[in-house]
Protein chains: 2
Amino acid sequence: MRKQSSTNLENELLINGNCDMAYTLDLIGGRWKPSILWRLAYGAMRYSDLRRSLPAVSERILILQLREMESDGLISRKVYPEVPPRVEYQLTDLGKSLEPVINILTDWGAENRPDSEKRKVRCPVLTIK
Amino acid sequence: MRKQSSTNLENELLINGNCDMAYTLDLIGGRWKPSILWRLAYGAMRYSDLRRSLPAVSERILILQLREMESDGLISRKVYPEVPPRVEYQLTDLGKSLEPVINILTDWGAENRPDSEKRKVRCPVLTIK
DNA sequence: CGCATAACTTACATTTATGTTAGTACTTGA
DNA sequence: TCAAGTACTAACATAAATGTAAGTTATGCG
C-alpha cells in the first residue's frame, strides 16, 4: 500500500506527469518486467509456465508484476473456467507496441555492457509474433 | 550501503548479468536520471545550475544520482580549482550514445501516456550537441 | 568580523520495492 | 483417503531508494 501523500510519491507523479521518457521507464522498469516481456513476446503463457521459466522470482512478486503490467495495459489475463484452473497471460497491442523500445534497450545493453557483468545468455532481437 | 548478500541483490545481478535490456534500464532508471540526461543533452552544466533547474530534488539525492551516472560512465565531472568551487558535469561519449534510446522511450511515452497523467511539458526530441 | 557562495557530506528518517513462508479452493487420479 | 496440481492470497520481514536538515571548507567582499 502506498502512502496517500509523501514527497516521494509527489516527485514520482511530477516526473511521470512531465516526462514521457520517465513514464515509459516506469511501466517497464520493475525487476522482473523485462523478463516477462521477453517471454510473452513469443506468445501467450499460462501462469505456471511463466513461473517455472523464472525460478528465481517468488510467487507474490511475480503476481505483483503481472498485476501492474495488466493494470498498465501491457498484458491481458484470460481465465479458463476449468479444473484445475488455467490462466493465460499475453501481450496486448499496447504491449506489442513496445517491441522497438525493447529492441533498442537490448541493443544498447549488448553493445555497452562490460564483459565483467555478462553471463552466458544474451537476449536475441525481439520479433513479436 | 548495500548488503553484501541478499536474494534481492543476487536477483539484481542475475538479471543484469543475463539481460541486456535490464542492464540498460538499470543505468537510466533512477528517479532523476532522465531529467539529468535531458538537461546535459544541451551541453555541460555546473552543479548549482543543475540543482536550480531541478528544484524538487534534494542535494543528497542529486549528488547520488550524479555519482552513479559518473561511475556508470554516462557523465563526467570536471572540477575547476577556483573559489568558490566550480564543478561541471557533461555527457561522455557513452552518455551521448543513449540519444536514440532516450528518443524512443520519449516517443513511446508521448504516444501512449494517458492524458490523465499528462502535465504541460512534453520533452521534445533530443538532439545531442 | 560576519555573511555569502559553491559543492558538497553526514546523520538520520521515511517510503517503496522486493522477498519468505504458509495457506486457500477445487478437483482429479492413485 | 490422500497426494498432487493450479493460481493464487495473506501475514510478515527485509533491502533499497528516496528524502530532510544541518554541517563543512575555503575564500572574497563589505
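Heavy-atom basis, side chains included; hydrogens, waters and symmetry copies ignored. Sequence lines set the chain letters: A, B, ... in the order given, protein chains first and strands last, and positions in each chain run from 1.
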Which nucleotide in the set D:dC8, C:dT5, C:dT9 lies at the smallest distance from any side-chain heavy atom of B:P84? C:dT5

By nearest atom, which of the nucleotides C:dT20, D:dG19, C:dA7 is closest to the B:T7 side chain? C:dT20

Show your reasoning for whether side-chain contact (heavy atoms from CB on, under 4.5 Å) applies to A:I28 and A:L105. CA-CA 11 Å; A:I28 60 182; A:L105 286 165; 3.8 Å; yes

Under the criterion side-chain contact (heavy atoms from CB on, under 4.5 Å), I'd like the reasoning laid out for A:E12 against A:D26: C-alpha separation, chi angles, the key distance, then a yes or no. CA-CA 9 Å; A:E12 184 186 330; A:D26 201 43; 3.8 Å; yes

Find the distance B:L66:CG to C:dC8:P and express it as a whole number of Å. 8 Å

Tell me which nucleotide among C:dT9, D:dT6, C:dG19 gets nearest to the side chain of B:I63. C:dT9

For C:dT5, does either OP1 or OP2 sit under 4.0 Å from a side-chain N or O belonging to B:R52? no

B:L54 CG - C:dA7 P separation (whole Å): 14 Å

What is the distance from CG of B:L62 to C1' of D:dA17, rounded to the nearest Å? 15 Å

Measure CG/B:D49 against C1'/C:dA7 and give the value in whole Å, please. 12 Å

What contact category does A:Y80 fall into here, base, sugar-phosphate, or nothing, at under 4.0 angstrom with non-hydrogen atoms? nothing

Just the rounded figure in Å: distance from P of C:dT15 to CD of A:E10. 12 Å

Output yes when at least one side-chain N/O atom of B:Y47 is less than 4.0 Å from OP1 or OP2 of C:dT5, else no. no

Phosphate oxygens OP1/OP2 of C:dT16: is one of them under 4.0 Å from a side-chain N or O of A:S6? yes

With heavy-atom distances below 4.5 Å as the criterion, would you say the side chains of B:K33 and A:L25 are in contact? no

Selected nucleotide, minimal atom distance to B:V87 side chain, candidates C:dA7, D:dT18, D:dA15: C:dA7

Shortest side-chain distance from B:R77, nucleotide among C:dA6, C:dC8, C:dT18: C:dC8

Cluster link A:Y80 to A:L50, ILVMFWY, side chain under 4.5 Å: no

Whole-Å distance between D:dT18 P and A:L13 CG? 14 Å

Toward the 5' end of DNA chain C, by each residue's nearest nucleotide, B:S48 or A:I61: B:S48

To the side chain of B:L64, which of C:dT18, D:dA7, D:dT18 is closest? D:dT18

Atom CE of A:M45 and atom C1' of D:dT6 are separated, to the nearest Å, by 15 Å

B:E88 near the nucleic acid: base, sugar-phosphate alone, or nothing, with a heavy-atom cut-off under 4.0 Å? nothing

Can you tell if the side chain of A:V101 reaches within under 4.5 Å of the side chain of B:D107, non-hydrogen atoms only? no

Do the side chains of B:N11 and A:R31 get nearer than 4.5 Å, heavy atoms only? yes

Just to confirm, is there a sub-4.0 Å distance from OP1 or OP2 of D:dT6 to any side-chain nitrogen or oxygen of A:R51? no

Determine whether any donor atom in the side chain of B:R60 lies under 3.5 Å from an acceptor atom in the base of D:dT18, or the reverse, and answer yes or no. yes

In whole angstrom, give the distance that lies between atom CG of A:N8 and atom C1' of C:dA13. 12 Å

D:dA17, OP1 or OP2 - any side-chain N/O from B:Q65 closer than 4.0 Å? no

Can you tell me which nucleotide in C:dG19, D:dT6, D:dT18 comes closest to the side chain of A:R46? D:dT6

Measure from the side chain of A:E59, starting at C-beta and using heavy atoms only, and say which of D:dT9, C:dC8, D:dG19 lies closest. D:dT9

Close side-chain approach of B:M21 and A:W38, heavy atoms under 4.5 Å: yes

Taking any heavy-atom pair under 4.0 Å as a contact, classify A:E68: base, sugar-phosphate, or nothing. nothing

Judged by nearest nucleotide, the residue sitting upstream toward the 5' end of DNA chain D, A:R86 or A:N11, is A:R86

Return the 5'-most residue of the pair B:Y89, B:V83 with respect to DNA chain C, ranking by each residue's nearest nucleotide. B:V83

